[in-house]
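Both backbone and side-chain heavy atoms feed into the values below; hydrogens, waters and symmetry mates do not. So you know, we letter chains A, B, ... as the sequences are listed, proteins then strands, and number each from 1.
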Amino acid sequence: MTRRAEKGMTLAELLVALTLLGMVSVMMMGGLSFGVRSWERTEESSAQINAAVRVHAFLRARLSETARPDAVTGDAGSLTFSALWLTALGGAGFYEFELTRRDGTLVLAWHPVADDDMASDALGGERSLLEGVTGLGIAYFGQPPGYPAAEWVDRWEEGWSAPRLIRIEAALADPRHDWPTLTVGLPG
Amino acid sequence: MFRSLRRTREGGFTLIEVLAAFVILSLTLASAYAALTGGLRWERRAGETASAVLLARSHLAEAGVSRPLAAGVTEEMLTDGRTLRIAMEEVEPVPNEGMRRLVAWQVTVEVTAPGGTAVRLSELKLAAP
């Protein structure tokens, strides 16, 4: 520890100090980048579950309050239904919705059920609800004509009486993402 | 000028001082790290709860329609590691002379995540006896 009369540090002391500084900064950088990574990951998965909550709430509200449960048609990959949409921007009213999967995205398209076509064009639209969807499975619980009892089927045709439940399952590309199965009871 | 700042004639810190500084630094970093992981854990738990509520509502919708109302408890392990528990119980009927009697069922759906986060939703369903 004792130094000679000259001021300053020896080369060995400088090296030790630099090594210590280097080790501390490497540890801090590692901890920092790990923290930032896990922060981003959590934020991303939380944003994804929030999106799922919104999509569930929208579809559940439209389907469970539809005035025309008998207008539901579809198969395992797409669903068409009509429902009252009171919170629609620009024009509250009765809309026809179509839910499909296109290019790995869950897409909802809508247009008003109206007599004049002008309103229909202006108020129609579509938007993507969920990204990274590798599979969509829509099932219908009800009693199609000729069936002895109600059961789950993977298509629902025009003219059949209303299904009692609709179930929407989605497979997502990212295993950390989550789409809880959506099952909605229809009125009637 | 430098010399006046130094505590000893030789100057510099002693080993003990450096170690103490390191300990204080690591304590500070550790508490910051604990706060960060705590926040992340709560955020993950919030996500699990939101997802469990959606799932439980879906199972409530099935009760009495595609899943018959019958007294008892069914428990199943889901493929994602969560546990689903559905309990159905007939509620004491209210005497209602001369009217068509309906039976009320209390349906309780409980979704438990592997971490222990649990959500329990309950609903009354009316059915013909």
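Summarising the geometry, atom OG belonging to A/S46 is positioned 12.0 Å from atom CD belonging to B/E48; distances are rounded to the nearest 0.5 Å. With values rounded to the nearest 0.5 angstrom, B/E43 atom CD is found 7.0 Å from A/S45 atom OG. From B/S66, atom OG reaches atom CD of A/E151 across 12.0 Å, with rounding to the nearest 0.5 Å. Atom OG of residue B/S58 and atom CD1 of residue A/I168 lie 9.0 Å apart, to the nearest 0.5 angstrom. Taking OG from A/S64 and CZ from B/R57, the interatomic distance works out to 8.0 Å, rounded to the nearest 0.5 Å. Taken to the nearest 0.5 Å, the CG atom of A/L182 stands 8.0 Å off from the CG atom of B/L54.
Both A/V184 and A/V153 belong to a common hydrophobic cluster when Ile, Leu, Val, Met, Phe, Trp and Tyr are linked at side-chain heavy-atom distances under 4.5 angstrom. Residues A/V55 and A/W85 are members of one and the same hydrophobic cluster, defined by side-chain heavy-atom contacts under 4.5 angstrom among Ile, Leu, Val, Met, Phe, Trp and Tyr. The hydrophobic clustering, which links ILVMFWY residues whose side-chain heavy atoms are closer than 4.5 Å, places A/F141 and A/L79 apart. Hydrophobic clustering (ILVMFWY, side-chain heavy atoms < 4.5 Å, transitive): B/V119 and A/I49 are in distinct clusters. A single hydrophobic cluster is not seen to contain both A/V107 and A/L99; linkage of ILVMFWY side chains at heavy-atom distances under 4.5 Å, directly or through other members, places them apart.
Contact of A/R60 with chain B is made through the side chain alone, with heavy-atom distances under 4.5 Å. Looking at B/R82, the atoms closer than 4.5 Å to chain A (heavy atoms on both sides) all sit in the side chain, from C-beta outward. Neither the backbone nor the side chain of A/M27 comes within contact range of chain B; no heavy atoms are under 4.5 Å apart. Using a 4.5 Å cut-off between heavy atoms, A/W179 makes no contact with chain B at all. Residue B/L29 touches chain A through its side chain alone, counting heavy-atom pairs closer than 4.5 Å.
Counted within 6.0 Å of CH2 on A/W152, heavy atoms from surrounding residues, nucleotides or ligands total more than 12; the atom is thus considered enclosed. Annotation for B/E89: atom CD does not count as buried by contact number, only 12 or fewer foreign heavy atoms lying within 6.0 Å.
Across all their heavy atoms, A/P180 and B/S51 have their closest contact at CG-OG, 3.5 Å. Closest of all the heavy-atom pairs between B/A50 and A/V53 is CB-CG2, 4.0 Å. Taking all atoms of both residues into account, the shortest heavy-atom contact from A/W39 to B/L40 is CE3-CD2, 3.5 Å.
Taking the side chain as every heavy atom from C-beta outward, A/L165 and B/E62 approach each other to under 4.5 Å.
By number of non-hydrogen pairs under 4.5 angstrom with chain A, the leading residue of B/V18, B/L36, B/D80 is B/L36. Residue with the most contacts toward chain A among B/V53, B/L60, B/L78, B/V65: B/V65 (heavy-atom pairs, distance under 4.5 Å). When A/E43, A/M28, A/R164, A/R41 are compared by the number of non-hydrogen pairs under 4.5 Å with chain B, A/R164 comes out ahead.
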